[in-house]
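Worksheet: one structure, shown below.
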Amino acid sequence: METKAQVLYDFTAEPGNNELSVREGETITITNQNIGGGWIEAKNSRGEVGLVPEDYIEIKQAQPFTSGGNAASLDLSLFDSHIPAPASTAQTSNGNDPWAVFDSNASGGFSNNWAAQPEGTETGETSSSAWHSGGHGHPQAYQGPGAEDDEWDEEWDDVKTSGGYAESEAGEGGAINRGGAHGSSMKIALNKVLIAISFYMMRVRIYTVFQGGEAGPVWAYPDYQLDCVVADPKKGTKMYGLKSYIEYQVTPTTTNKPVNHRYKHFDWLYERLLDKYGSAIPIPCLPDKQVTGRFEEEFIKMRMERLQGWMTRMCRHPVVSSSEVFQLFLSYKDEKDWKMGKRKAEKDETVEVMIFSTIEPEGLPDLDLIEVEQKCEQFNRFTRAMDDGVKDLLTIGNEHWKRCTGPLPKEYQRIGKAFQNLSSVFNSSGYEGEATLTDALTAAGKTYEDIAQMVAEQPKKDLHFLMETNNEYKGLLGCFPDTIGVHKAAIEKVKEADKLVATGKITTSEKITMSKRASTMSYALQAEMNHFHSNRIYDYNRVMQQYLEQQGKFYEMVKCGNNSKSSRAFHNVGRC
């Protein structure tokens with residue numbers, strides 16, 4: 001009996017290596033599984049035979065996999081009459097569909113796309129890679145999932161990225177893409193979460209929201225603040241050196257035991273967090289992917305810095321940081337532990353809007369629908385305004401960076417050169433009494449050349465951190481339209497409750513449950529608002545202090561001279 005396998009990722013054969021090009025979703029026939037080195041021999045649908053990486057395929061089992069049943073303890077089939085068919089199978093609407101609010105745009109999703117995805121930074125010219133190379137990576141830490149039997153395609157990095165802080169070529173849009181079939185599943189899930197009782201409460205973790213004084217509802221924060229360090233990048237290889245990658249060492253403060261992860265593993269974590277929490281919590285995008293220069297030292301340093309920023313932000317969030325998938329990423333024990341946890345995370349059913357079923361407003365009354373709508377709109381206005389302000393600062397900062405590293409140093413160099421030329425002219429007069437003046441002019445000219453160098457290097461010392469922080473918040477703010485869109489859709493649904501009761505589509509009891517669910521969603525949004533504001537105040541206080549301190553040091557160096565010779569030159573010019 002032939003063994004069939006499904007291709008998980010595209011693979012392009014390299015000439016002369018007896019490899020077989022396959023496409024994602026293609027079914028191939030395994031002809032030899034004993035090749036070794038992470039390869040198998042297979043035949044595609046065109047009859048071509050060659051080598052394919054084992055990581056890129058999934059061998060089909062004799063018995064098809066079936067779900068172990070609905071995770072919900074309550075049979076939801078009784079609500080089927082209230083749930084529309086997916087867009088791909090539903091008949092044309094007659095205009096009376098009470099759930100049509102979810103199809104308010106052509107894509108079937110929420111069309112409030114007003115913030116661009118985060119961009120990259122200018123790295124300038126880069127040197128050749130100076131990172132250590134080897135097929136075994138970090139000897140002092142577990143090699144990480146995939147050191148020998150990786151389940152992800154390393155070519156995930158092969159996506160074009162934008163450079164600098166300019167507008168991303170990816171266009172405008174938040175982190176969640178709710179279009180097509182995904183939009184239909186979102187519609188069905190939101191209907192269930194508004195109508196169904198809290199059937200998940202006894203099976204999954206409950207994330208608690210409670211009143212936090214004048215600030216309003218807040219998440220239940222842990223006693224210990226989790227953090228981690230992303231460091232020590234190493235270059236590794238696989239498939240007998242045909243494939244190379246960079247892995248980073250991640251050390252959580254909870255265990256102080258390092259684990260190794262490649263960029264694709266961070267990307268997997270991002271996708272899991274986005275799928276699970278994206279409807280309630282903005283999950284910012286990862287640093288951009290890269291086509292070329294992935295192994296250049298400057299790029300590796302930049303990526304590591306941004307991965308550190310992303311992980312720190314995730315660690316700060318009490319819901320995300322306490323989740324099983326995040327804890328798995330930080331502290332898996334071995335490859336078996338990782339793979340089991342990975343599969344469990346990928347089968348998690350409390351995803352998208354179903355996450356609201358796991359949120360419990362502790363001791364808080366149900367909110368009035370008008371109050372819910374007002375809170376939602378208030379935060380919507382703020383995030384829009386802040387997004388505009390962040391983008392404006394990024395644009396101005398980018399222009400200033402270019403001036404500091406381009407025309408401005410050249411202007412200082414020209415001034416310095418002019419002083420030195422004038423000194424040469426004065427020197428040619430032969431007059432004995434002007435040696436002090438000409439020496440001072442020469443020294444002043446060299447000081448301006450030093451200032452030109454200082455100006456060119458200064459953005460890396462102050463503006464860089466300000467731009468990185470704003471770049472992070474631009475990505476974070478880009479997620480809010482989708483999160484807020486879920487709340488607006490829920491509000492609209494509750495507004496229709498009386499009509500639905502009157503037409504017999506739902507009962508009065510279900511109407512009350514819908515209102516309670518919308519209230520819970522509002523508390524979650526308010527808790528997230530307060531989390532966002534507290535982090536915003538902390539981040540901008542820190543980065544502005546750092547920026548102004550570095551600016552002060554810069555102008556102090558300009559005033560006094562960056563060395564004793566320059567300082568004496570200014571004094572000599574003054575005496576002249």
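The structure presented is a predicted model; accordingly, all values stated were derived computationally and were not measured.
Side-chain atoms of His261 do not come within 3.5 Å of backbone N or O of Val250 as any donor-acceptor pair.
With sequence neighbours left out, Gln526 forms a side chain to side chain donor-acceptor pair (under 3.5 Å) with Ser522. Every side chain to side chain donor-acceptor pair (under 3.5 Å) that Tyr540 has, sequence neighbours left out, goes to Asn470. Listed by chain and number, the residues in a salt bridge (charged side-chain N to carboxylate O under 4.0 Å, His left out) with Glu24 amount to none (sequence neighbours excluded). By the ring pair (Phe, Tyr, Trp, His ring centres under 6.0 Å) test, Tyr412 pairs with no residue at all, sequence neighbours left out. Looking at residues two or more places apart in sequence or on another chain, you find a side chain to side chain donor-acceptor pair (under 3.5 Å) between Asn535 and Arg316, His531. Under the side chain to side chain donor-acceptor pair (under 3.5 Å) criterion, Ser321 pairs with no residue at all, not counting sequence neighbours.
Looking at Arg384 and Asp388, no side-chain N of the basic residue comes within less than 4.0 Å of a carboxylate O on the acidic one, giving no salt bridge.
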Where do Glu528 and His317 land on the side chain to side chain donor-acceptor pair (under 3.5 Å) test, with the steps shown first? CA-CA 9 Å; Glu528 191 57 32; His317 201 289; 2.7 Å; yes
Could you walk me through whether His265 and Arg262 pass the side chain to side chain donor-acceptor pair (under 3.5 Å) check? CA-CA 5 Å; His265 304 159; Arg262 295 161 59 182; 5.0 Å; no
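Side chains of His464 and Glu305: a donor on one and an acceptor on the other come within 3.5 Å. A donor atom on one side chain and an acceptor atom on the other are found under 3.5 Å apart for Tyr224 and Thr253. For Gln327 and Ser323, the side-chain atoms include no donor-acceptor pair closer than 3.5 Å.
Evaluated for a side-chain contact (heavy atoms from CB on, under 4.5 Å) with Leu330, the options Leu226, Thr251, Thr254 yield exactly one hit, Leu226. Tested against Asp462 for a side chain to side chain donor-acceptor pair (under 3.5 Å), the candidates Gln550, Lys553, Gln551 yield a single pass: Gln551.
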